[in-house]
Amino acid sequence: MADKHARSASCRGCGTMQVHHRLLDSDPDYATRQAQIEELAFRARRAGSPLREGCTRIPVVVHVVHHTAEQNISREQVESQIAVLNQDFRAQNPDRQQIPEPFIELAGDARVQFVLASVDPDGNPTEGITRTQTPRDSFDVDDSVKTTASGGHDAWPADRYLNIWVCQLRAGLLGYAQFPGGPAATDGVVVTYTAFGTTGTATAPSNLGRTTTHEVGHWLNLRHIWGDDGDGCSGSDFVDDTPNQAGPNTGKPTFPTVSCENGPHGDMFMNFMDYVDDDTMNMFSRGQVARMHACLDGPRSHVGERVPCAAAAAVASGNGP
């Protein structure tokens, strides 16, 4: 069993918190917006607000920023990632059968569908993928991949699209996201090209598309399940049904893995917002679903459209903006 207190050589989401703290320190308006967003989320949580009706379909644009031919991933690889998002956010992923029995009733269907955009910001037809050859060997969490001027690609309007950048990130960084409330020009998710989708360049143990699931969770205002307090027991992810746990789990823990006196069932390490391997994470909790819906009703209310859940098939392209 992996040491639950050890950080993996690669991490998903660690860059998200670096971006979050950088914006808190540098942008007073971001800090104000974050406080307002958390107040809305707290009120919805306290009131037990009903979930949104139907499903929310969100158009996605994938910006492939490549230095080598290998990094210029195929459409098939992009579509494989969209398929994973649709399964994971609809609780239709086949590996949900691995959820330990005590947590099965806590697993939730977020009722969010993702579709590659079919219309670009100028109203022209698009396949939902942009391709940019860059002189850069790699990118970091400074958001340089998100601007054409620094070797990346400018974001499409954040109030109409989920922007996902796929590139070579620095060694050890699988991906990062920007929480709602940040600058529109840098809003979205970044994933390294070897942790995106389930085919092509996707490499084990990050070859099942779960880095992007994790980062899109952040984009919808989910925090890491242990509350980002290091290895302590005082942090919170602001969700009531995720057990308190001491730091991230990595690798392939065995059930139960107990910390913070959370026995007998222990950590919900199989949650998408922990750091375990792709083949070990398989669920969002109902409380996390409620928090995502509060985000969709609040800071992300301009993104996507309501559709009947019967129409929310696991597709990779459609009639989004």
Side-chain angles (χ1 to χ4, degrees), residues 1-16 73-74 76-104 106-110 112 114 164 166 169 171-177 189-218 222 224-226 237 242-243 245 247-259 265-285 288-289 314 316:
M1 181 177 70
D3 178 0
K4 71 174 300 299
H5 295 291
R7 290 187 181 272
S8 172
S10 296
C11 72
R12 51 169 66 87
C14 53
T16 300
I73 62 173
S74 68
E76 178 186 14
Q77 187 168 346
V78 172
E79 290 178 340
S80 75
Q81 180 62 74
I82 300 299
V84 169
L85 290 175
N86 282 317
Q87 289 183 340
D88 289 350
F89 281 83
R90 289 302 321 277
Q92 294 175 353
N93 48 304
D95 58 354
R96 70 188 308 271
Q97 298 176 359
Q98 301 173 14
I99 299 172
E101 192 277 332
F103 293 142
I104 290 175
L106 296 179
D109 175 0
V112 180
F114 302 87
I164 300 178
V166 180
L169 287 173
L173 181 61
L174 297 179
Y176 71 95
V189 166
V190 184
V191 181
T192 200
Y193 80 104
T194 55
F196 191 76
T198 62
T199 187
T201 60
T203 304
S206 303
N207 60 335
L208 297 182
R210 266 52 193 276
T211 294
T212 308
T213 297
H214 179 103
E215 301 304 346
V216 173
H218 284 314
L222 294 187
H224 290 132
I225 194 171
W226 65 92
D237 63 352
T242 55
Q245 74 178 53
N249 288 283
T250 61
K252 306 180 195 300
T254 56
F255 177 82
T257 296
V258 176
S259 68
H265 307 315
D267 297 352
M268 191 184 282
F269 61 79
M270 71 295 310
N271 193 281
F272 290 126
M273 301 313 294
D274 208 335
Y275 274 179
V276 295
D277 291 348
D278 277 22
D279 62 4
T280 305
M281 53 174 59
N282 48 42
M283 67 171 284
F284 290 115
S285 76
Q288 287 173 318
V289 169

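With sequence neighbours excluded, the residues that form a ring pair (Phe, Tyr, Trp, His ring centres under 6.0 Å) with Phe272 are Phe284. Remark: Thr280 pairs with no residue by the side chain to side chain donor-acceptor pair (under 3.5 Å) rule, at least two apart or across chains. Taking the side chain to side chain donor-acceptor pair (under 3.5 Å) definition, one finds that Asp95 meets it with Asn93, Arg210, sequence neighbours left out. A search for side-chain contact (heavy atoms from CB on, under 4.5 Å) contacts involving Thr198 returns Ser80, Val84, not counting sequence neighbours. Checked against side-chain contact (heavy atoms from CB on, under 4.5 Å), Asn207 has the following partners two or more places apart in sequence or in another chain: Ala202, Ala204. The side chain to side chain donor-acceptor pair (under 3.5 Å) test applied to Asp278 returns Arg12, not counting sequence neighbours. Every residue meeting the side-chain contact (heavy atoms from CB on, under 4.5 Å) condition with Pro243, not counting sequence neighbours, appears here in chain and number order: Phe103, Asn262, Met268. Scored by the side-chain contact (heavy atoms from CB on, under 4.5 Å) test, Ser74 finds Glu76, Gln77 as partners (sequence neighbours excluded).
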Begin from the C-alpha positions of Thr194 and Ser206 and carry the test side-chain contact (heavy atoms from CB on, under 4.5 Å) through to its verdict.
-> CA-CA 8 Å; Thr194 55; Ser206 303; over 6 Å; no
Please report the C-alpha distance between Thr250 and Val276 in whole Å, then the side-chain angles of each, then the deciding distance to 0.1 Å, and finally whether the side-chain contact (heavy atoms from CB on, under 4.5 Å) criterion is met.
-> CA-CA 4 Å; Thr250 61; Val276 295; 5.9 Å; no
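Nearest approach of Ala177 to Val189, heavy atoms of both residues: CB-CG2, 3.9 Å. Of all heavy-atom pairs between Asn271 and Met281, the closest is O-CB, 3.8 Å. The two residues Thr192 and Leu173 make their nearest non-hydrogen contact at CB-O, 3.8 Å. For Val191 against Leu169, the heavy-atom pair with the smallest separation is C-CD1, 4.1 Å. Annotation for Thr16 and Glu215: closest pair OG1-OE1, 3.1 Å, computed over non-hydrogen atoms. Taking each heavy atom of Val78 and Phe196 in turn, the nearest pair found is CA-CE2, 3.9 Å.
Gln81 places a side-chain N or O within donor-acceptor distance of the main-chain N or O of Gly197, the cut-off being under 3.5 Å. Judged by distance alone, the side chain of Asp277 and the main-chain N or O of Asp279 form no donor-acceptor pair under 3.5 Å. Using a distance-only test at 3.5 Å, with no hydrogens or angles considered, no donor-acceptor pair links the side chain of Ser285 to the main chain of Met283. In this structure, the side chain of Tyr275 engages the main chain of Cys14 through a donor-acceptor pair within 3.5 Å.
Pairs engaging residues 189-205 under the salt bridge (Lys or Arg N to Asp or Glu O under 4.0 Å) rule: none recorded [sequence neighbours left out].
At least one side-chain heavy atom of Met270 sits less than 4.5 Å from a side-chain heavy atom of Pro100. In this structure the side chain of Gln87 reaches within 4.5 angstrom of the side chain of Pro94, judged on heavy atoms.
Using a 30° and 60° split on the angle between ring planes, Phe89 and Phe114 fall in the perpendicular class, above 60°. In this pair, His265 and Phe255 present their aromatic rings parallel. The plane angle is below 30°, not in the 30 to 60° band. Using a 30° and 60° split on the angle between ring planes, His218 and His214 fall in the perpendicular class, above 60°.
With hydrogens and angles left out, the side-chain atoms of Ser259 and Asp267 include a donor and acceptor closer than 3.5 Å.
Atoms CG and CZ, on Asp274 and Phe269 in that order, are 9.0 Å from each other to the nearest 0.5 Å. Interatomic distance, Ile99 CD1 to Asn282 CG, rounded to the nearest 0.5 Å: 5.0 Å.
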